K.L.:
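The structure that follows is given in the form of structure tokens.
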Amino acid sequence: MASYDYREFEKKAQEKWTSLGLYNADLSDESRELYYLLVEFPYPSGDLHIGHWYAFAVTDIYARLLRLRGKNVLFPIGFDAFGLPAENAAIKHGLDPKEWTYKNIERMRAQLATMGASFDWSKEVLTCEPDYYQWTQWLFIKFFEQGLAERREASVKWCPKDQTVLANEQVVNGHCERCGTLVEERRLTQWFLKITAYAERLLAGLETLPWREEIKEAQRAWIGKSEGAYLEFLIASHDEKIKVFTTRPDTIFGATYVVLAPEHPLVSALLKYVSNKKAVQDYIAMTTRKTERERSENKEKTGVQFEGIAAINPATKEEIPIYIADYVLGSYGTGAVMAVPAHDERDAEFTRKFNLPVRRVIEPVLTQTSGTAAFRENEPIQDTYGIIALIKHWEDDVYVGLRWPAVGWGTLLTGTIDKGMTPEETVLKEIREEIGYMNIKFMKQIGMIHSKYYHAPKKQNRIGHTPVFYVELADSAQDKVASEEFAKHNMIWLSLEDLKPFLTATSHLAALDLFENRAYTGAGIMTNSGGFNGRANEEVKWDIVASVGGERATQYRLRDWLVSRQRYWGCPIPIVYDPEGKPHVIPAEYLPWLLPTDVDFKPASKAPLASSIELKERVVRIFGKGWTPEYDTLDTFVDSSWYFLRYLDSKNIHKFSDAALMKKWLPINRYSGGSEHTTMHLLYARFFIKALYDLALVPVEEPFIERFNRGLIMGPDGQKMSKSKGNVVNPDEFVQKYGADAVRIYLAFIGPYNEPGNYPWNLDGVASMRKFLERVTRLVEKNSRSTFDETSYSLSQVIARAQLKIVEDSDRFKFNTAVAALMVLVNELEKIPRISKTVLVQLVVMLAPFAPHLAEDLWEKLGKEGSVHQQSWPMATLATTAEQKIVVQVNGKKRGSLALATNISEVEVVAAARALPTVANALSGEEPTRVVYIPGKIINLIV
RNA sequence: GGGCAUGUGGCGGAAUUGGUAUACGCGUACGUCUCAGAAGCGUAUGUCGCAAGACUUGGGAGUUCGAGUCUCCCCAUGCCCACCA
């Protein structure tokens, strides 16, 4: 009976590691390859949940494996200890935020210890300690001196009930997290870090990183670079002008009005000219009252015209109306846009609502890009001419659709223009020939569509030029339709609604869009655009900008980082104000600029620090009468933007981190974390490092070489774990029941760690891992006393394969298949009656990263000295075999397999393959016409 | 609405460059051990079929000697961003 007394040996092993100081990395030891493995540090919420285990225990497997492989591994840990929950506990339960935080940290340290994680606690970092935050303040001051920290007015979320500003994170669906009141927007003066100054470099830096494309793409989207131009619209008979940003200057001839955001600075200046002042003011009041939620839930366009004034389109010189509407954002571009309803969906919607004119300036060019009809570049082009007509019933609101049974098409009326005929004549002719109607009431060309495609029957590229007509029939008078036309297609009446799913060709759908005044945003040919007509829109873009005196410009959707928080439990902003209200940095000798303790946490109209008498007195004492403190604290994302630098030198009282150590250990080899940090934390940290690099304070421009986003552990019910759902898995319970090693290995086995998926928590899974560990224990105990010392060739190969696979899979963060490889090895070993001690020792070392406690126990049971975690990974060389396995296929279907010598010729392989009865049977006496032979893999006989 | 990702047994998942689909584990069934049960051990386990064999990676097409893998269209699910001009 095997003994698996995990309660006993887990504790013993943990004590052993501590007493040996096994994981305190010697940062100066460069005799081994350096490896900085980082995992996002936790917020001390109080309880270690299973997600923490997933984050830390699985990453620990890699840390341990790297050490066995001879690397000098830095695997640090700390706590992101400033933050709101501490303050909420203070408000709700009257606790001291500091005490609450430190108590949680202590509890979590104890819980982390049960995991057997090989963290280097000697370098622990707590962001809420003055030792740490004085350097956060010092770095902020550097940013300030560099002009990267700036104070300016901004909109913030305001809870009218609590009389306080809220952090973005405190706003849940537009409501105050605490009291549920709808939040408002207020303008306040706030501190910003100018991350936008680094937008371009943050974008460019991504190209150098070997991250998963989806992570990079998320950051690119967040930065949101768009290239366009500033264009100016003069206001008729006044001095003001409206500057707009557009990415589509090519559509300027179609700009039929201009829109300002309600918060645009020009609005108040223009107000004195308008004749409907009241309506405009009401609209502004209405939109500022509107909550963010209302804006995002109800996207119906609203707006008001500035009556009595007009803007001048700089291209057409026409006077066009000016509107104010909240679909234009005050915070992006110039806060004003030129509206081109023909080629912008939002403008089109506004136009439909307010019944404004539309002016089309780009004729769609639809290019077939896939399938056999895909347009082939660099091949000759044939122009063709035809018509498309939308035909309306003489009475009802239905239109002609043609169904082509032979090819399965649905189209509008369409035809080719014959020589000598006008498009209009062609339309009339086609109506008569194809559907037989005699009389029309109305006909109008509504646009032009060009289609580029490859005409396979004639083997030529074609560009079809097709005017689109709208025709209303006068009456039901109908001639007989020729039978061959009738056979080709039959006619049905369809409503506009039914027409859309009916039409199969993109050009016909585009024709329908023209009729319905939908925006066309694709590429095309310029029209209604003066001297630019006939050219491709992409090509004229910058010529048009020049012709109207515009200026090329790049915009980013990334906003500057608002770091002020009207909160208590955070890093005090190291700023004081002189009697004139001008901000000054706090001199280095007064750092750390301590967080006061005589503070009222209750929600008030001012930040909590404003209630501190000590803080005010401190400022007066140091700086003099009339000087006042900054009352805001820093966003906690600032604390976490540089913590990985501090790990290298966490006790340094003279510097934020040691330059020589940073030079050795940066950039971080691998950073493991959650996908929710892709756009915030990861981007902020990259910005910090770039800014510090420019200040020559860090030696690298990118902090993290590799980044892996792990998945999420779901509750037993398959739902995301949450306290309210009551499906939160408490790991302590399972550690008690199955042991830490079983939980660790289960989490590693559950799925690939290198991609963010969702994995269920499955009790049977944990139990089965425990069984596996017991099997290993039995295996080792059964053989531990044997004196047998031979390892067969085939066994050594099995072991070598497992060793190699575990290393390779772990490097890709695929611990699930690494564990599977270990299981395969154990399955093989169990079949062998006697196992040598050499093999047992290797097995225990291979087990060590995954089940560190058990491995340590077995190591001792084998009578070995020291710790199993101080050994080196047993890498046997995989011999090249003299035999190869070749799969035999006939016509691509597997019919058998062969084991043959590696040096065999193709002819011999074919002969051997044909000798197989299953192959001979499949060939049924025929000679193969072709043989595909991939040595060492496959032979495919084709008949 | 946009972007990204993912669809493989009853379930989690595996499958270097296109080259034996379903590794490993769970679950299930039967057997063994036992007075009995649990645990352990053994066997089986994609679907249809007695079998030979046929079919099978969300659906449909395509490229290829050969497609889970590459291309296109469609469907479903998840995540992120959401009026960014």
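On a predicted model such as this, the values are computed, not experimentally measured, just so you know. A, B, ... follow the sequence lines: proteins, then strands. Residue 1 opens every chain.
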K.L.:
Taking donor-acceptor contacts at under 3.5 Å, does the side chain of A:Asp764 reach the base of B:rC26?
P.N.:
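Absent.
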K.L.:
The side chain of A:Asn762 is closest to which nucleotide in this list: B:rG12, B:rC65, B:rC26?
P.N.:
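Of the options given, the side chain of A:Asn762 lies nearest B:rC26.
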K.L.:
Heavy atoms from C-beta onward define the side chain here; which of B:rA85, B:rC41, B:rG13 lies closest to that of A:Arg775?
P.N.:
B:rC41
K.L.:
Using the P atom on both, measure B:rG18 against B:rG9 and round to a whole Å.
P.N.:
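It works out to 24 Å between them.
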K.L.:
Using a 6.0 Å distance limit plus a 45 degree cone around the ring axis, check whether A:Lys225 lies over the aromatic ring of A:Tyr556.
P.N.:
no
K.L.:
Using the side-chain heavy atoms of A:Met823, tell me which of these nucleotides is nearest: B:rG12, B:rC24, B:rA85.
P.N.:
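Taking heavy atoms from C-beta onward, the closest nucleotide is B:rC24.
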K.L.:
Taking OP1 and OP2 of B:rA15, is either one under 4.0 Å from a side-chain nitrogen or oxygen of A:Lys814?
P.N.:
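For B:rA15, OP1 or OP2 has a side-chain N or O of A:Lys814 closer than 4.0 Å.
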K.L.:
Any idea which of B:rA23, B:rG19, B:rC65 is nearest the A:Arg930 side chain?
P.N.:
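Of the candidates, B:rC65 comes closest.
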K.L.:
Let me spell it out: for each of A:Arg895 and A:Gly765, pick the nucleotide of RNA chain B with the closest heavy atom. Which residue's pick is nearer the 5' end?
P.N.:
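Taking each residue's closest nucleotide, the earlier one in sequence belongs to A:Gly765.
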K.L.:
For the side chain of A:Ala820, counting heavy atoms from C-beta on, which of B:rA15, B:rC83, B:rC24 is nearest?
P.N.:
B:rC24
K.L.:
Has A:Arg778 got a side-chain N or O lying under 4.0 Å from the OP1 or OP2 atom of B:rC41?
P.N.:
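Yes.
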K.L.:
Which part of the nucleic acid, if any, lies within reach of A:Asn940 when heavy atoms closer than 4.0 Å are counted: base, sugar-phosphate only, or nothing?
P.N.:
base
K.L.:
Among the candidates B:rC65, B:rC26, B:rC55, find the nucleotide nearest to the side-chain atoms of A:Ser768.
P.N.:
B:rC26
K.L.:
How about A:Lys241: does its NZ atom have over 12 heavy atoms from other parts shown lying under 6.0 Å from it?
P.N.:
no
K.L.:
Which nucleotide, B:rA85, B:rU20, B:rC4, lies nearest any side-chain atom of A:Val887?
P.N.:
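Of all the options, the side chain of A:Val887 is nearest to B:rU20.
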K.L.:
On the six-membered ring of A:Trp222, is A:Arg557 placed so that its NZ or CZ lies under 6.0 angstrom from the centre and within 45° of the ring axis?
P.N.:
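No, A:Arg557 does not sit over the ring of A:Trp222.
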K.L.:
Closer than 4.0 Å, any side-chain N/O of A:Lys771 to the OP1 or OP2 of B:rC41?
P.N.:
no
K.L.:
Write down the distance separating the P atoms in B:rA82 and B:rU16, rounded off to the nearest Å.
P.N.:
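My reading of the P atoms in B:rA82 and B:rU16 gives 37 Å.
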K.L.:
Just N and O in the side chain of A:Asn827: are any of them under 4.0 Å from OP1 or OP2 of B:rG25?
P.N.:
yes
K.L.:
Is there a Watson-Crick or G-U wobble partner for B:rA23 with both distances under 3.5 Å, and if so, which one is it?
P.N.:
none
K.L.:
Among A:Glu200, A:Glu207, A:Glu214, whose salt bridge (Lys or Arg N to Asp or Glu O under 4.0 Å) with A:Arg220 holds?
P.N.:
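Result for salt bridge (Lys or Arg N to Asp or Glu O under 4.0 Å) with A:Arg220: A:Glu207.
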K.L.:
Can you figure out which of B:rA5, B:rA23, B:rA85 approaches the side chain of A:Val328 most closely?
P.N.:
B:rA85
K.L.:
Any idea which of B:rG13, B:rC4, B:rA14 is nearest the A:Tyr759 side chain?
P.N.:
B:rG13
K.L.:
Residues two or more places apart in sequence or in another chain: which of them pass ring-ring contact (aromatic ring centres under 6.0 Å, His included) with A:Phe350?
P.N.:
A:Tyr257, A:Tyr323, A:Tyr327, A:Phe354
K.L.:
Looking only at side-chain N and O atoms, does A:Ser226 come under 4.0 Å of OP1 or OP2 in B:rA85?
P.N.:
yes
K.L.:
With both distances under 3.5 Å as the test, what is the Watson-Crick or G-U wobble partner of B:rA76?
P.N.:
B:rU6
K.L.:
B:rG25 phosphate, OP1 or OP2: any side-chain N/O from A:Asn816 under 4.0 angstrom?
P.N.:
no
K.L.:
Using atom C1' in both nucleotides, what's the gap between B:rC35 and B:rG42 to the nearest angstrom?
P.N.:
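Looking at atom C1' only, B:rC35 and B:rG42 are 23 Å apart.
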K.L.:
Side chain of A:Thr246: nearest nucleotide among B:rA85, B:rG25, B:rG19?
P.N.:
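Closest nucleotide among those given: B:rA85.
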K.L.:
Check step by step if side chain to side chain contact (heavy atoms under 4.5 Å, CB included) holds for A:Leu773 and A:Tyr4.
P.N.:
CA-CA 8 Å; A:Leu773 294 175; A:Tyr4 189 86; 3.2 Å; yes
K.L.:
Reckon A:Tyr327 has a side-chain N or O less than 4.0 Å from the OP1 or OP2 of B:rA85?
P.N.:
no
